[in-house]
Amino acid sequence: AAVGHAAVWMQAPRVDEDRELAAVARAAAARVGPEAPVASWNALDSVFLYYFGRDVPEAMRYHNYLIREHGKVGADRSWNDWLADRGRVPWMITRDIDNNREAMEERGFAAVEGLPTTSNPRERTILMYHVGRSGRRSASRPAESTP
């Protein structure tokens, strides 16, 4: 009985984190809409993906594929063109670690304000939308919702 109690006690923080992450994912999915193209800067937690409701391709994985297919120089050019195209990648999701937010802002994305967050900094997930390289909000931002 003591072992069972200890196992349940040790899992409680993860359950709370899962609830928080589920709330973030649901809010992000509602904001993006079911059909809008979306990518992730890095690997997302499986809990987030489950509650977001669909697969989200990873930008870094796509970059690695391009390197294998076209070499580093061609891959960087193709990847940067892909990221710069608001029609192909209007929404980006990133975990707020290792300066990912800053990397996305440099590529013309801005964070959507007002979404739920998590208490665990390693699980903080940010939804970003493409505003263009100037950093100003664009009239051509994703039409599915208003950030």
Side-chain angles (χ1 to χ4, degrees), residues 1-67 75-147:
V3 172
H5 178 71
V8 169
W9 179 80
M10 295 195 58
Q11 290 299 317
R14 179 62 195 184
V15 170
D16 289 343
E17 288 174 15
D18 286 356
R19 284 188 197 124
E20 291 174 340
L21 200 51
V24 173
R26 287 184 187 119
R31 188 69 60 101
V32 170
E35 301 296 324
V38 61
S40 68
W41 184 249
N42 46 15
L44 297 172
D45 189 288
S46 60
V47 170
F48 181 91
L49 290 172
Y50 177 82
Y51 287 101
F52 189 73
R54 59 181 161 139
D55 287 335
V56 178
E58 290 178 44
M60 299 308 287
R61 187 171 286 188
Y62 181 56
H63 186 244
N64 291 336
Y65 162 78
L66 290 171
I67 290 172
D76 287 348
R77 190 174 326 117
S78 294
W79 190 63
N80 285 324
D81 289 347
W82 178 71
L83 286 173
D85 186 345
R86 287 186 195 122
R88 293 176 75 190
V89 189
W91 295 98
M92 184 72 71
I93 301 168
T94 184
R95 289 191 349 251
D96 192 17
I97 56 174
D98 302 327
N99 300 319
N100 291 335
R101 182 179 183 146
E102 290 83 6
M104 294 311 310
E105 287 171 345
E106 290 172 5
R107 287 168 174 81
F109 288 83
V112 172
E113 302 298 330
L115 292 181
T117 188
T118 62
S119 55
N120 180 349
R122 299 292 295 169
E123 293 301 327
R124 279 211 185 106
T125 303
I126 301 170
L127 175 64
M128 304 185 88
Y129 65 99
H130 208 298
V131 294
R133 299 246 181 208
S134 68
R136 288 176 284 144
R137 291 178 187 240
S138 167
S140 62
R141 77 174 172 238
E144 283 74 15
S145 65
T146 304

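- Here the CD1-CG distance, from Ile93 to Leu44, works out to 5.5 Å after rounding to the nearest 0.5 Å.
- Atoms CZ and OH, from Arg86 and Tyr129 in turn, are 11.0 Å apart once rounded to the nearest 0.5 Å.
- For Tyr51, the ring-ring contact (aromatic ring centres under 6.0 Å, His included) criterion is met by no residue, not counting sequence neighbours.
- Applying the side chain to side chain donor-acceptor pair (under 3.5 Å) test to residues at least two apart or on different chains, the pairs with a partner in residues 54-65 are His63-Asp76.
- Note: Asp45 CG to Asp18 CG = 7.0 Å, rounded to the nearest 0.5 Å.
- In this structure, CG in Leu127 is found 10.5 Å from CE in Met92, a value given to the nearest 0.5 Å.
- Closest of all the heavy-atom pairs between Phe48 and Ala28 is CZ-CB, 4.3 Å.
- Remark: Thr117 pairs with Arg124 by the side chain to side chain donor-acceptor pair (under 3.5 Å) rule, at least two apart or across chains.
- Partners of Ala29 according to the side-chain contact (heavy atoms from CB on, under 4.5 Å) rule, which considers only residues two or more places apart in sequence or in another chain, are Phe52.
- In terms of heavy-atom proximity, Pro116 sits nearest to Ala27 at CD-CB, 3.5 Å.
- Shortest non-hydrogen contact noted between Met128 and Thr94 is SD-CG2, 4.1 Å.
- Taking both residues in full, the closest heavy atoms of Glu113 and Arg31 are given as O-NH1, 3.9 Å, listed atom of the first, atom of the second, then distance.
- Partners of Arg88 by salt bridge (charged side-chain N to carboxylate O under 4.0 Å, His left out), not counting sequence neighbours: none found.
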Applying side-chain contact (heavy atoms from CB on, under 4.5 Å), run through Trp82 and Leu66 and close with a yes or a no. CA-CA 11 Å; Trp82 178 71; Leu66 290 171; 5.9 Å; no
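- Side-chain atoms of His130 come within 3.5 Å of backbone atoms of Leu83 as a donor-acceptor pair (strictly under, hydrogens ignored).
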Steps toward side-chain contact (heavy atoms from CB on, under 4.5 Å) verdict (Val56, Leu49): CA-CA 7 Å; Val56 178; Leu49 290 172; 3.8 Å; yes
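- Residues satisfying the side chain to side chain donor-acceptor pair (under 3.5 Å) criterion with Trp79, sequence neighbours excluded, are absent altogether.
- Met104 CE to Glu106 CD: the interatomic distance, rounded to the nearest 0.5 Å, is 10.0 Å.
- No side-chain donor-acceptor contact under 3.5 Å links Arg107 to the backbone of Ala84.
- With rounding to the nearest 0.5 Å, the separation of OG1 in Thr125 from CG in Leu21 is 5.0 Å.
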